[in-house]
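In what follows, a structure is listed as structure tokens, so that the remarks can point back to it.
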Amino acid sequence: MYETASTYLWIIPTAPFLAGLLTFIIGPKFRRYSYLPCILSGILSFVCALIVFKEVHSATKALDIVNPPSVSVSYFEWFRTGDPNLVGDGWRKAGGLRAEFSLRLDPLSASMALMVSFLGTVIAFFATGYLRDHHGKCDPGYPRFFAEVALFLGSMLLLVLADNLVLLYAGWEGVGLCSYLLIGFWFEKPSAARAARKAFLVTRLGDVALFLGFAVLWVHCGCRLDFESILNPENFTGGLGLACLLLFLGACGKSAQFPLHVWLPDAMEGPTPVSALIHAATMVTAGVYLLARFMPLFASVADVQMAVTGIAAITSLMAAWIALFQTDLKRILAYSTMSQLGYMFMALGSGFDSKSGLPFLAFSAAMFHLMTHAFFKALLFLSAGSVLHSMHHVGDLRRIGGLRKVLPITHLAFLFGALALAGVPPFAGFWSKDEILSVVHAASGQSAFPWFYILVWIVGIFTAFLTALYTFRAYFLVFHGPLKLPEEVHGQASESPWTLTCPLIILAVFALFAGWLLAPDSIFSLSSFLSHVPGLPHVPPQGHDWLTVGLATSAGLGGVALAWFKFGKNSGVVPFEERTGIWAELGKNKFYFDELFSLLIVHPLQWLFLLWKVLDHYLLDGIVDLLAHFPRLLAGVFKPMQNGLVQFYALAMLLALTVFLLALSKTM
Amino acid sequence: MDNSIPMELLKFLSPEGTLFLLASLILLIGPFFREKVSWPLVSLIGFLVSYLLLLMQAGTASPGDNPYASVVLGGTLSNLIRHFSLGAGIFLLFLFWDRDRFQPETVGLLMILAGGSSMVGMANDLTVLYLGLELVTIPSYILLYCHGDSNSAESTMKYFFLSILSSAFLLLGIAFLYGLTGTTNIAAISDALLLADPAKLFGADALAAHRLLLIPILGILAGLGFKISMVPFHFYAPDVYQGAGYRMSAVLATMPKIAGFAGLIRIFAFALDHGGPAPTDFARDNIPVLFWILAFISITLGNLLALLQRNIRRIMAYSSIAHTGYILAAFAVASKAAPDSAFTGLSAAMFYLIVYFFSTFGIFAILHYLEQGRKPIRDWDDLAGTSKDNPVLAVALAIFLFSLTGIPLTGGFLAKFAIVYCCANVPFTLDDPVSWESHYLFILLALVIVLNAAVAAWYYLKLISGIFLKPVIWLEDKSYSFKPVLIPILASLLITVVLGIYPSLLLKPKAYQELIEKRPIAQGAGIHGPFQLADGKQ
């Protein structure tokens, strides 16, 4: 059963992890070459992922009994507390806690691992050039960067390959930690340090919810932790709704959904390859992966699914609107990521009624968009990185412009990414976005609240229009119009070195073809591959929802056209960022979320802190000191006994013996 | 019994026999060739030969079929303890590799020490057990005197006097046990205590018999409790460790403990066994209660007093008292643990003892190594700068300390986890209030263990902060040369980490199910004291 695949599977997360540790230890000695372990381990992971993928793929084609499409490969068991011979009800009695290193081998994990290891390697390669200045001098944190990226890759691959809740959680926390470290990579900048702290704290809120969700699952599933038993709603004695809601909250934190989205734009303080890898392509999609993985459970709780869709619609609309008014290139992309993640959740939330085909359609649409988005968003970020690299890290749309001639390759790459994001056929985003909107449309036909899903569907189409508009606004402002260079570059700007452009070209090809290749009717169809994930009733692909396709595509094209009319043709109109009026103000100020948070949470907390400080100083400090000193005080009572006199020791031993003898014979 | 030489028994005892013979030889000839021969090497060869002999008889049962006629037993437990004692002896030998004044004596005595501990592990007779224990104790007086630092005489005297007192307690207990059952064979004694029905013998005064039984139980506990430094027989430990130097602390913190715990398991096997023949009420109720109380006070007092110390060896002495308490907690729960749990109390205790040995040995050995060529390391702030001038050993030291704290991915975590798990999962039935009571009492013990682990983290982390964070006031120019002691340090590190990641090597589900050898109960084999078997067949 998957002999080759299970031989290579464990290498996928382990190699980058070891490379990370290695770089931490010996990296500083070999500064200039400290990227090598990271890149090589990435390539190794990618090759192993490819082998695994190939075997899973041929297994799904053959559909034989020997190779079931989903297996759990247990490498070793750390420990278990119950008797392995007891199953079923006995597990609960034994309190069987089983902690093992077991990885999951199925189409979902195989495709995620392939995507993560590929993008990780490409982006790490990009970073080798990005973190050098124009004279080829390395950033002081060069080894640290690659150590952390390698650790991140290891954790992310562990997250997608995990077969039990413990490993999944370990990977989840690992990527959170690496994200924190990498956002704060330039920690000497106060804004970067602040952003890192904010990201860590906000996602931590979600992590707590996730942990509680896992605990609820564990309790209600007879103390089992492996996916095989967890992912079957029939094993549950209740608590599914609560667990799913908590899992979704966890996903909200990691995937930057309303209201825990505030950390993502600030996370752009990190180096751009980090933004591309962690905050666009991989880590932020962990929430989507989580919900996709737990789809069999979510499908059985329709109310929670409505909450998922609702939050997703709010997030995607709001983020698109905010993106329209931003002036920083990377922030626009950050809001766009948030909005696109909203699309994925929108699809996931449409999968209810576990008997119908909807859960599967929702799941495959979300995964499809996850894949295409990972490629084109990474492309957009890397192109932005290339722009920033040549513009000496100036990304303000008001200070740069007309770079079409200066950065020809970057320009084309960005254009490809933008077309894919805007959903212009035949670029990647077109295919997957239509899938998602079709699923939402289909869900409205089966839901008990059809108007709700219709509303979401309309929001989705309107967001598609906004997406095209803000993307091409950025594109036209950066690459068209008269040439504007910031004074930092001293009038000398040139295309980035080949280490930067090479990844751009690779990813641009993907942005062009990925959607078409993976679309449901093609031979490399992702959805027919994913249909072998167990637990979701598979339905054959239905005909296209031409209404949705038509509307969404025209919305996208309309957005592009409006952007060209406003920003491309003649740049004489009032720029968005200088408009006034309530909607523009809302957009410019990110719907005042930072202010709202600071008013509702930070300020009350600060007042509370002040109050607390007084209380703390006089009352609690005393209590805590007492508690901390209590063991010492208690110890002080016994200390005189250790007086160094051997005759006293002998006497004490004898006395103790006598006391025991008397006390025990009394109690009998 | 025929008088021919029991070949089978000789063969069974050959590993220890080799050690004792060679040790005597070294002690005899050694003083005449102090400088000419590499004595540790000779001793190491002796150890290896003995180990080989032990491996050759792997899995053989006891010599002779009748446990009531044999003075030693084979089986899982004795095998484990014999391997462990010999291995510990080899590890400790490397600490004394450097040439010094008393080298032949030292290595000879170490061999006797290891052999004695191994003998306790297989003893099936009180006399053999006592002999083994004394073979551990008496050489340690001499070693302590030879290898202590400036005030070694004081600590030797303390150890000597108190140890003699504890041996007296032990002998008292053994004598009473013999008086009650009329035999020194442990298997027969267990049967008598398990199955005898004193009511039939003493009539209405069954209570008197049980009160009488308290004296040997407490006496033996006191005698063995001294060896394992259990509160309230722990007083010597901090004073003696402080005056003993790191090498001797390593010996005292490990060898007597292995022997002491082996002795406890041997004598109290009938009360630690889960699923054996139904014990009499006395054993079932009182021995776990005793262990419970002793565990509670050892853990708490050891950790509390460690908080007040600055001297590293005193900290380690108190921490070793606390670790004794954790193992005693596993003993207390041994007869109560859930039958479908993967750990039994005894397997958890043995696992803990093994992990404790490697971590403690590692710490003492590293500190001994670090002391070379610089001012002695006494207090925790003397550790300042270790991470700068020897980063590898600093990390190793931190890993050993983490293991003692119980941080995941080191052996110490699972050792503590298994004990806490056993304590927190004592099963109870609804219609039996006594079982509820024990359920809640053991949950209380689990809480005490967890809280104390938190307290202990404080002083272990203080040591670690001394290693890594404390600024160096003046830099000494230190150069470390290779020493053979690095070999066992590396091995301990490897074992500590491997046991943390792959505990099932030693902590397999039901690994030590036969830790206590089951045997057919022989009717009245050689028992002729008041605690005869109830049916009076003699």
Side-chain angles (χ1 to χ4, degrees), chain A residues 25 75-87 89-101 166 170 628-668, chain B residues 154 157-158 161-162 165-166 169 207 210-211 214-215 217-219 221-222 225-226 231-236 238-239 282 285-286 289-290 293-294 300-301 303-308 314 338-343 408-409 414 417-418 421-422 424-425 427 455 458 500-504 507 509-510:
Chain A
I25 297 167
Y75 286 96
F76 78 84
E77 189 176 87
W78 188 21
F79 65 89
R80 77 200 298 167
T81 59
D83 188 334
N85 300 319
L86 288 173
V87 285
D89 202 30
W91 267 102
R92 178 189 288 280
K93 273 188 255 153
L97 176 68
R98 194 165 130 212
E100 57 182 342
F101 183 77
V166 179
H629 281 290
F630 178 70
R632 297 173 141 262
L633 288 176
L634 204 63
V637 176
F638 292 108
K639 203 185 174 188
M641 277 164 64
Q642 197 71 41
N643 55 9
L645 297 176
V646 75
Q647 58 272 42
F648 173 80
Y649 293 169
L651 187 66
M653 282 160 69
L654 205 60
L655 271 177
L657 202 60
T658 321
V659 168
F660 268 116
L661 197 62
L662 289 178
L664 280 177
S665 61
K666 273 279 182 295
T667 56
M668 277 200 317
Chain B
E154 185 197 330
M157 286 318 282
K158 274 184 187 166
F161 280 130
L162 294 171
L165 182 65
S166 84
F169 289 146
L207 216 53
H210 279 156
R211 284 196 180 138
L214 269 179
I215 299 175
I217 287 178
L218 284 172
L221 263 181
F226 177 86
V231 177
F233 309 102
H234 67 285
F235 292 104
Y236 74 96
D239 294 7
F282 178 81
D285 295 345
N286 282 290
V289 168
L290 256 178
I293 297 171
L294 292 167
T300 315
L301 219 63
N303 279 325
L304 283 183
L305 288 171
L307 286 181
L308 297 180
R314 282 188 91 88
D340 52 359
S341 159
F343 325 116
L409 296 185
L414 275 154
F417 177 83
Y421 181 83
C422 285
N425 278 285
V455 172
W458 193 81
I501 294 173
Y502 202 62
S504 21
L507 198 64
K510 307 285 179 197

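Basis for what follows: all heavy atoms, side chains included, without hydrogens, waters or symmetry-related copies. Chain letters run A, B, ... following the sequence lines, proteins first and then strands; every chain starts at 1.
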Of all the heavy-atom pairs spanning L165(B) and A650(A), show the shortest one and how long it is. CD2-CB, 3.6 Å

Side chain / backbone / both / neither for L221(B) at chain A, heavy atoms under 4.5 Å: neither

Does any heavy atom of chain B fall under 4.5 Å from the side chain of L654(A), the backbone, both, or neither of them? both

What pair of heavy atoms forms the shortest contact from L661(A) to L214(B), and how long is it? CD1-CB, 3.8 Å

Geometric class of the F648(A)/F235(B) ring pair [parallel <30°, tilted 30-60°, perpendicular >60°]: perpendicular

Tell me, for L301(B) versus chain A, whether the close heavy atoms (under 4.5 Å) come from the side chain, the backbone, both or neither. side chain

Name the region of L414(B), side chain, backbone, both or neither, that has any atom closer than 4.5 Å to a heavy atom of chain A. side chain

What closest approach, in Å, do M653(A) and S166(B) show between heavy atoms, and which atom pair accounts for it? CE-CB, 4.3 Å

Chain A: which of L307(B), I293(B), D239(B), I215(B) shares the most heavy-atom pairs with it under 4.5 Å? D239(B)

Which atoms of F161(B) are under 4.5 Å from chain A, going by heavy atoms: the side chain, the backbone, both sets, or neither? side chain

Between chain A and each of A418(B), G219(B), A306(B), P232(B), count heavy-atom pairs under 4.5 Å; write down the option with the most. P232(B)

Is there a side-chain contact between F660(A) and L294(B) in this structure, where contact means two heavy atoms from C-beta onward sitting under 4.5 Å apart? yes

For the CG atom of L218(B) and the CG atom of L664(A), what is their distance to the nearest 0.5 Å? 6.0 Å

